[in-house]
Number of protein chains: 2
Amino acid sequence: MEQTGRLTLPTDADVVAETLRLKNLLGADALRDCDGTEMPKELLTDPAKKYATYYTTRKDNAWAEANPDEVQQEYLISDRHTARGTKLRIHLMDGFHTQQLKVNTLDDPKRWWEVIDRTTGEVVPTDKWFFDEPTGEVEIETVPYHEYTVSFLAFLIWDPVHMYNFLTNDWKDTPHQLTYDVRQPKTQAYVKEKLRRWCEANPHIDVVRFTTFFHQFTLTFDDQKREKFVEWFGYSASVSPYILEKFEKWAGYKFRPEFIVDQGYHNTMFRVPSKEFRDFIEFQQQEVCALAKEMVDIVHSYGKEAMMFLGDHWIGTEPYGKYFASIGLDAVVGSVGSGVTLRMISDIKGVKYTEGRLLPYFFPDVFTEGGDPIGEARTNWMKARRAILRSPLDRIGYGGYLKLASNWPGFIDEIQNVVGEFRQIHENMQGTKSYVAPFKVAILNCWGGLRKWMSNQVHHSIYHRETYSAEGVLECLSGMPFDVEFIDFDDIRNGIPKDIGVIINVGDAYTAFSGAENWIDEKVVTAIRKFVDEGGGFIGVGEPTACQHQGRYFQLSDVMGVDREMGFSLSTDKYNTCDPHHFILEDIDTAVDFGEGTSRIYAQGKHYQILAQDGEYSQLVVNEYGKGHSVYFAGLPYSPQNCRILLRAIYYAAGMPEEMKHYYVTNVDTEVTVFPETKRIAVINNADAEEKTDLYIKGHLIDSLTLAPREMRWVDDAE
Amino acid sequence: MEQTGRLTLPTDADVVAETLRLKNLLGADALRDCDGTEMPKELLTDPAKKYATYYTTRKDNAWAEANPDEVQQEYLISDRHTARGTKLRIHLMDGFHTQQLKVNTLDDPKRWWEVIDRTTGEVVPTDKWFFDEPTGEVEIETVPYHEYTVSFLAFLIWDPVHMYNFLTNDWKDTPHQLTYDVRQPKTQAYVKEKLRRWCEANPHIDVVRFTTFFHQFTLTFDDQKREKFVEWFGYSASVSPYILEKFEKWAGYKFRPEFIVDQGYHNTMFRVPSKEFRDFIEFQQQEVCALAKEMVDIVHSYGKEAMMFLGDHWIGTEPYGKYFASIGLDAVVGSVGSGVTLRMISDIKGVKYTEGRLLPYFFPDVFTEGGDPIGEARTNWMKARRAILRSPLDRIGYGGYLKLASNWPGFIDEIQNVVGEFRQIHENMQGTKSYVAPFKVAILNCWGGLRKWMSNQVHHSIYHRETYSAEGVLECLSGMPFDVEFIDFDDIRNGIPKDIGVIINVGDAYTAFSGAENWIDEKVVTAIRKFVDEGGGFIGVGEPTACQHQGRYFQLSDVMGVDREMGFSLSTDKYNTCDPHHFILEDIDTAVDFGEGTSRIYAQGKHYQILAQDGEYSQLVVNEYGKGHSVYFAGLPYSPQNCRILLRAIYYAAGMPEEMKHYYVTNVDTEVTVFPETKRIAVINNADAEEKTDLYIKGHLIDSLTLAPREMRWVDDAE
């Protein structure tokens, strides 16, 4: 049994002895500092690998203060104001925190700002407004009772993550860290040179952990220091006139602030990305990856490894972008909030290894009276474990203040169990691939492969009532025996890849996840109809294929056998009755949880069967379409039971129900993963109770297992 | 006390003696026959007024059979079919009942039918399809995996209402009544002559009750004789090539079947009416009212009264149409399902009197084991009474088989109570107007004054889960002390009338009730913003002002202080907290019922107060806007409590909370109506329990009343 390795622990100046004790106890082979902690000098000569957080864009206020023109910038949009007369004054910084952001008065507002009449959508000509610097207000000539916004540039005078950590940890005396923009010439030269000097000065550091590359995701605070806007995929803070002028040359058209502020939505993942925003992403990824490569090359030239923290200043380096692999990173480390976020890290290509930062962080918000760090660690591990069995991280680790963890009774035992199971998985799989169904499952949305395992996430694994029902599909899939592809509508237009057996479309109408106007493109609908007609599977969750057009809301209502009542067809009688007897529900003896669900779904056509209803509305409907099959879910939040229902739905949709029992466990709270090459089988219990489950291989009962709460049991594949 | 009059009873050949007994007992002054019953000869000389149902469009199969080309027609749309190859055959009558409808093969399909590619919305050229009459199929040259429909004309070979009555009453030997189209020349001449002969032959009949004028609302049955489509306002069965050719000349453009079938939605009330459909309504109302006038003139020439049944064949004569008054009818009679349907009848102008047919009909579906006719009568009366107090019907009556009612123990007592209260109201009001607030309340939607009290109704007072929450607003208003106007968006564009104090917008997004694209018309939003800013009130229920545009879903989010989260702004933090302490909720000590409600509502701006929440979503929000006020409800089903909440919301929105206690009762289950001219006050108990309530006049406590269940108490206005 592996007893050591694959584990990174945080340390700090005041916990040297405890670090060494825990390092030995848990078999850690790497130590790290964190934002706000320091690597103790005493440990620099320890044989463990040493990671050092490295900040290219902050922790150097002297430089930032000396170069105010190269402080990072963010596009902001003012509050919306309705004019009551023909003149309106908008105070730009209302609702923003002036300790975080400062209006950019160095660059010409008339060149870089935009005043928009939101009633008409028209841009207000620059001769009809001006910025009154002393008052901080823009004065606009207005049409009475039209609504206006001002989009403007502001300097990021407090790094958003530093601000977040400062506020979360209630730091008092720490100076606010200013930002600077590594893309700009002076700073770029300075930062590269500084990195070289740092590498020279830190010979004992093995891994340079780029906690920041260059651009922070959008994280804006309000005037009460509360989070105001957060978009993990947001590019709003990756701008400056310097960059935008380069973009204009590259793109061949004039930049508009509206490409970034996007009516105030700031291009969240839910927005169907405009051509201009896609162009901007492409441009930034090219530029940022090239520059990141230069930094990584410097690190390598000193014999050190370069690791990127996934998140924070990752804009332009998102790992599923086209240019990511060219950076030449050795590793990516990211925070694991769930199975989905784990897969987002563990599926990354183009690095030597991936590392997951498990929850909870050793921060005082959890390690406090009323907090439940052990419970959080268990929940986190239950979600992570099933995803690791499908696509393993190479390493795991923790972050924060080690002292908090070591002082919490029982917490270290919990970690010991996690680390032990993690090593067991590697030992049993021996780097081989687990068994998957003989077809691929594709998630179809507007982002496709660019944002694998990222779809439907507002912010990584933060719960939203509006999204958990849809996100559940990905969370279920993260630990299921399927190869999952993420495809976009162009992938459909260019010909659905042959190895795809089931296409899944999940999301709210008109969002990038559902697909919006893509569903009135005849190329898209005919391709999918043909695919299903010829035997393919289609699964829709929420408002799949939704776009009101020509008498239907769901454009593939013929494929799915359902549509949503938007009021227009109330005069049409529906005679929907439920018949839950179906392959999909065979293991299920309690009510299905559809989460927030989707109201007003009705079945239609001649080939449907309704498996679950809420009153007269349908919640789970299967439909036959030519040789193919479709399944509609009103919602599918993550739960062990819903994993099982989705498992069955996918095999049903693929037209291969008999394949499901190739490897199978009967109890819905349990799952099975098989490593055919090592002939090892893991049966996991996802419940907090003891569970009995029967194991089937190729339809034969092989074993009856009784699993302890949360147990992972390894058995030989006797096949 | 009035002991007689204002009451119509149904009779039949087999209940002469019982008719006379009940006539005397209840003080009825009119007798009527019904569809399926017969006026007994013995009663023809009774001093009571005699009504005779009269059918211009049916009950003459000989004529219909002799003139098959003048049988009424309906535009149908086939099922949607997806082509799997380049040829598709659609069997037109699939899903329709061949006893009700027959494909019109007399008129040229290529002229009057339309094949549409529903994937693209394009019309398939007529040379790419043909009707194969022997098989009843249309064959189409198709694009693979496109979806197709055929719109076609069919003859109505069984009158829909006759079919409905036949099925409901389980008639066996009654021949199916064919229809004929009074608009067409041969039939028109025949029907007029027949009416003259009928008038001559029936000297004892005082009132010709036109149960049918000319065109039935759309009521289509499926192949299992179940209702397939029903639209009380539908014009789909008012068509024929004869009429459509006249329409083309009148309108100056070519007719298309799509104007009628409307993507399969058949122009339900929920659809924003297209220009062409509005033109068709206008044309039909002109023509139908002119022809109806000719019929009424004939009736008058024989010294009889002409009464119209509101419903069934009322298409073109809807009483709030521009030409209705020109018909010269003496009376309208309609079925009262609720306060709303009562007001729809009692508010009609241009007739001498209105009459309401109270529920239940004396039909065997209610007067049967397990039925509750007394309960239905009480519920019906509770809703009707409060509306009658605001706008009285002149008469009430019943329909169906008298024998069923007289045999049901206690039912006649119940009627006696209803009739007594009805007469009391008239006696106390003496034809004067009840007290109303010093401002008008306007319901704003795409239909406006054309369909007063008809908005949000799928079918008159039939419950729909999708609509009851919104319809509740109208039901509440039907018995409240406000003058209610129904206005459309042109009324807003042309200048909001000065006497309107509060504008209400109720409905689902993109429906005719909410308003759809009207909300991105700057004329509309600026007019309402100005109205509210200067002191007006705005109340939104459901998805008011909804139309995704320029960063907002609710276009008057600034006025209302709320918007709906459509996924795009999940990255924007909301800090919504509830504070229920407000004038609007002062009488309320239990949870508010928002019915189906509206999910994902959040408050925004700087002037709101959230009065009710579901988790973090808002359900009831008030907002100050300049000098004006707004109230948002996530839903408002009818209940006595919600009447009270709406009452308060309206006074709050109007900026006149102090006016509310001009006349006021404290108990939410009670309401007060005041007739200032006769100085009489009615306090009604809308509950089935005894209730205590305090009566205030001009803010002073006048009396403390204890009311029996459902009691109506009259007191003097001591003011």
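Here is the naming used below: chain letters follow the sequence lines, and residue numbers restart at 1 for every chain.
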Legend entry - Where B/Leu219 and B/Pro160 come nearest, the two heavy atoms and their spacing: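 Smallest heavy-atom distance, with atoms named: O-CB, 3.5 Å.
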Legend entry - Exercise: identify the closest heavy-atom pair between B/Phe594 and B/Ala634: CD2-N, 4.1 Å
Should [X] and [Y] count as side-chain neighbours, where that means a heavy-atom distance under 4.5 Å?
| X | Y | value |
| --- | --- | --- |
| B/Met560 | B/Asn623 | no |
| B/Trp447 | B/Met454 | no |
| A/Phe568 | B/Asp262 | no |
| B/Arg564 | B/Thr598 | yes |

Which answer fits [X], side chain, backbone, both or neither, if we ask what part of it has an atom under 4.5 Å from a heavy atom of chain A?
| X | answer |
| --- | --- |
| B/Asp79 | side chain |
| B/Lys606 | side chain |
| B/Gln548 | side chain |
| B/Ile528 | neither |
| B/Arg600 | side chain |
| B/Asp222 | side chain |
| B/Glu565 | side chain |

Between [options], which shows the greatest number of heavy-atom pairs under 4.5 Å with chain B?
| options | result |
| --- | --- |
| A/Arg465, A/Lys228, A/His81 | A/Arg465 |
| A/Ser557, A/Gly121, A/Ala83 | A/Gly121 |
| A/Glu466, A/Glu616, A/His549 | A/Glu466 |

Legend entry - For chain A, the option from B/Gly264, B/Pro144, B/Ala509, B/Ser569 that forms the most heavy-atom pairs under 4.5 Å: B/Ser569
Inset, instruction - Mind ranking B/Ile77, B/Thr526, B/Thr120 by heavy-atom pairs under 4.5 Å with chain A and telling me who comes out on top? - result: B/Thr526
Inset, instruction - Assert yes or no for the condition that the ring centre distance of B/Phe513 to B/Phe270 is strictly below 6.0 Å. - result: yes
Inset, instruction - Verify whether the ring centers belonging to A/His266 and A/Phe229 lie closer than 6.0 Å. - result: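 Yes, ring centres under 6.0 Å apart.
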Inset, instruction - Under 4.5 Å heavy-atom distance to chain B, tell me which part of A/Met269 shows up: side chain, backbone, both or neither. - result: neither
Inset, instruction - Counting only heavy atoms closer than 4.5 Å, note whether A/Arg80 contacts chain B via side chain, backbone, both or neither. - result: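 When you check distances to chain B, only side chain atoms of A/Arg80 fall under 4.5 Å.
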Inset, instruction - Give a yes or no on whether a salt bridge exists between B/Glu258 and B/Arg118, defined as a side-chain N under 4.0 angstrom from a carboxylate O. - result: yes
